[in-house]
Enquirer: 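This is the structure I want to talk about, given as structure tokens.
Remember, it's a predicted structure, so these values are computed and weren't measured experimentally. Residue numbers begin at 1 in each chain, while the letters A, B, ... track the order of the sequences.
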Amino acid sequence: MNNPVIEIENVTKTYETGNKALIDVSLKVPQGAFVVIIGPSGCGKTTLLRLMNGMTVIDSGRISVMGKNLESWDKIQLRRKMGYVIQQGGLFPHLAVRQNIAFVLSISSVEKHASEKRVNGLAEIMGFDERQLNAFPSELSGGQQQRAGVARALAANPEIILMDEPFGALDNITRRNLQSEIKEMHKKLGITFVMVTHDLKEAFTLGTHVAIMNQGEIEQFDTPENIQKKPVNDWVKEFITI
Amino acid sequence: MALLNDIFRTVAERRDYLYELLVQHILLSLGAIVIITIIGVSTGIAILHYKKWRQIILGVVNFLYTIPSIAMFGLFIPLIGIGYGNAMVVLVIYGLLPVIRNTYTGLKEVDPLLLDAAKGMGATPWQVFSIVRWPLAFPTIVSGFRTMVVMTIALAGLASFIGAGGLGQAIYRGINTNNSSLILVGSIAVALLALVADLGIGAIENSLKTKAKKQDKKSRYLKYFGLGILALLFIFMLLPKPGNSSGKRIVVATKPTAEQYILGEIISQLVENNTDIQVTRKFGIGGGTSNIHPAMLKGEIDIYPEYTGTAWLFILKEPQMNNPDSLYLALKKMYAEQFNLEWACRLGFNNTFTLALPEPVAQNQNITTFSELSQKSNGFIFGAEFDFFEREDGFAGLKKVYPFNFKSNVELDINLKFQALENQTVDVINAFSTDSRIRQMNLRVLKDDKQFFPAYQAGIVIRNESLQKYPELKGLFKRLENTISDSTMLQLNYEVEIEKQSSNEVAANFLKQHKLLK
């Protein structure tokens with residue numbers, strides 16, 4: 001294992017409602033890995049993801065991202081270095097697809113010409129034509145919207161991409177297609193991916209590492225093969241055979 | 001068709017007057033719209049962030065919105081006085097609700113997922129607001145703005161009630177001088193103005209919706225149309241207020257009756273024609289004396305026509321006095337001492353309560369005085385509005401002085417009195433002595449031979465400070481002394497209320513006849 005690009009140590013998070021989302025969680029995300037966090041709903045997987053770009057504040061423990069303690073990061077600068085993809089792409093309905101993809105570039109005042117070049121490059125990779133780039137998100141299909149969401153996350157050349165159930169709302173065929181595209185992209189670009197999903201098949205297909213969570217704790221964190229071969233306990237064994 | 005002709009004639013004849021009102025209306029509305037938008041939008045944004053204030057502010061604004069607008073105009077008179085400032089405050093208070101509510105709701109209802117996405121990608125709070133939240137809320141905010149603009153333009157029509165001018169003045173004047181085509185012209189103008197503003201905003205709204213796409217021709221034209229209308233409105237705003245050039249200026253006010261409009265015009269034209277002082281006309285102030293007198297004391301009004309009886313009984317609250325000349329002398333002295341106001345002259349006529357009956361009947365029965373009527377009263381039916389029967393200084397007091405014994409007494413709505421007389425449902429009515437319908441229906445006004453009713457002699461009241469400031473006014477009003485007899489005033493009222501001449505012309509003709517115009 002390389003140096004961890006994200007390191008979470010003994011983190012606890014309790015919501016105002018008294019709901020314990022994370023209990024003494026530790027996780028090391030290796031450089032260039034594709035880490036998938038999976039577990040039943042309410043297990044704290046989204047909370048764990050949102051710790052990584054400072055969207056959720058922890059109660060205790062320590063987090064370091066790209067070799068630097070999270071507290072000493074300017075959160076805005078940190079987030080611009082990390083791509084962020086949410087369900088259904090989270091595209092802005094009032095902006096054209098082109099402007100959506102260029103969002104991070106425009107908020108970090110990248111020069112217009114460079115930004116256009118980058119968007120056109122991404123459009124080529126993702127298979128968008130000129131007409132689609134000028135359309136509004138509502139005019140695209142669900143799969144295309146999600147593609148645009150991924151393109152938006154890639155635009156600023158991030159080192160890490162965080163994805164929160166990115167393919168949750170898609171039909172099966174579109175989902176499989178996108179999964180293989182993402183897998184290709186991960187191999188090609190060498191970026192670290194952290195993804196939350198509730199789809200076991202997706203986790204084992206995409207992940208180089210899988211974290212299985214239950215009730216605020218990580219039950220097992222390992223490669224898909226090792227988890228399948230040696231589940232640490234009965235709960236994990238049962239979870240992966242459903 | 002006759003109505004349409006009347007309308008066109010009214011527009012043609014009073015073009016300058018209507019244009020001035022239109023400009024006033026636009027200025028007042030635009031000023032209010034700008035202030036409302038600034039306050040409303042920033043309040044809407046503020047309460048999005050300050051939860052504590054949200055309920056309080058929305059509650060207060062909602063509450064204010066439910067107060068009837070007429071009451072609101074009235075409520076602010078003691079605080080701000082009459083005129084532009086008061087109207088502005090009321091318009092702003094009413095306009096705030098739709099703008100604050102729509103701004104807040106629009107901003108609040110933006111999908112939190114999108115705000116989260118923007119934040120998660122490293123947008124600063126300001127970028128989240130300006131790139132995501134605000135544009136997504138914008139259509140809701142604009143629709144609130146649109147509601148507010150139409151409402152403000154319509155509501156500004158009520159501003160004339162408190163002397164702030166605008167097209168409502170035409171409506172108000174039409175109502176008070178029984179001129180239905182003037183009412184219509186004023187109403188149509190207000191409605192058109194509101195409609196044009198609504199269309200203009202709608203056009204801009206539409207063109208914004210298609211902004212991100214290639215603009216087709218239609219939406220571009222729509223946008224130019226909208227922008228053109230807005231530009232026109234702004235040009236109006238930049239126009240100098242009519243007649244603002246000279247530093248010399250006085251304000252003439254009147255109560256909302258045809259007679260007062262005529263007197264106001266006579267005073268104004270006399271001043272304009274004989275001095276270089278500019279006159280601002282605040283005619284038809286709602287509430288009459290009760291609002292004009294305080295405004296005189298504050299210096300918001302310099303001159304207005306008043307009746308001696310009203311001043312004596314209502315302002316000074318002195319007991320009734322029968323001799324009109326000694327009443328006037330006492331009144332003049334007390335006004336000067338207590339209020340520093342000068343009664344400049346008495347015009348000659350007495351607009352008091354009287355009794356009237358058809359001229360042929362009066363001739364037949366040979367009745368000219370109250371006393372003569374009382375002797376023959378058992379042959380007549382008497383009609384009056386119900387509060388005349390209620391008041392001690394009305395019928396009850398009257399009966400103590402004159403032994404009336406009518407066949408019956410009929411209580412009538414004040415507006416139906418003359419009709420009842422025409423239908424011969426009643427034979428004798430009470431009336432004001434200069435009511436134009438007396439002439440129209442050929443009634444005889446009887447003489448109050450025992451002087452039961454107090455005198456309501458018309459006169460001109462002016463602030464002493466204004467006289468000191470403009471000494472040229474000092475002798476001027478003396479020239480109107482005793483120029484208007486009861487029958488002259490009756491004739492002038494008749495010309496305006498029944499013949500539908502404008503009070504402008506009627507006043508000018510009167511002044512010409514008396515060689516008071518240069």
Enquirer: Are more than 12 heavy atoms from other residues, nucleotides or ligands located less than 6.0 Å from atom CD of A:E71?
Expert: no
Enquirer: Can you confirm whether A:Q77 is buried at CD, in the sense that more than 12 heavy atoms of other residues, nucleotides or ligands lie under 6.0 Å from that atom?
Expert: yes
Enquirer: Can you tell which part of B:D116 gets under 4.5 Å to a heavy atom of chain A, answering side chain, backbone, both or neither?
Expert: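 Both parts, backbone and side chain.
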Enquirer: Count the heavy atoms belonging to other residues, nucleotides or ligands that lie under 6.0 Å from NZ of A:K68, then report whether that count exceeds 12.
Expert: yes
Enquirer: What closest approach, in Å, do B:T124 and A:R80 show between heavy atoms, and which atom pair accounts for it?
Expert: CG2-NH2, 3.9 Å
Enquirer: Which heavy-atom pair separates A:P93 from B:L136 by the least distance, and what is that distance?
Expert: CG-CD2, 3.7 Å
Enquirer: Would you mind checking which part of A:L162 comes under 4.5 Å of any heavy atom in chain B, side chain (CB onward), backbone (N, CA, C, O), both or neither?
Expert: neither
Enquirer: Are more than 12 heavy atoms, taken from residues, nucleotides or ligands other than B:Y50, located less than 6.0 Å from that residue's OH atom?
Expert: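 Not buried by this count: 12 neighbours or fewer within 6.0 Å.
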Enquirer: Mind listing the closest non-hydrogen atom pair of B:P125 and A:I76 along with its distance?
Expert: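 Smallest heavy-atom distance, with atoms named: CD-CD1, 4.3 Å.
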Enquirer: Which is it for B:M121 and A:M82 under the side-chain contact (heavy atoms from CB on, under 4.5 Å) test, yes or no, and what are the steps along the way?
Expert: CA-CA 7 Å; B:M121 287 187 287; A:M82 300 170 88; over 6 Å; no
Enquirer: Can you name the closest pair of heavy atoms from B:A117 and A:G90 and give their distance?
Expert: CB-O, 4.1 Å
Enquirer: Restricting to non-hydrogen atoms, name the atom on B:L114 and the atom on A:F92 that form the minimum distance, rounded to 0.1 Å.
Expert: O-CE2, 3.4 Å
Enquirer: Tell me if a side-chain donor or acceptor on A:H94 pairs with a main-chain N or O of B:I131 at a distance below 3.5 Å.
Expert: yes
Enquirer: Considering non-hydrogen atoms only, spot the tightest contact between A:Y84 and B:G120 and give its length.
Expert: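 That would be CD2-CA, 3.6 Å.
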Enquirer: Heavy-atom count around B:K108 NZ within 6.0 Å, excluding the residue itself: above 12?
Expert: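 No.
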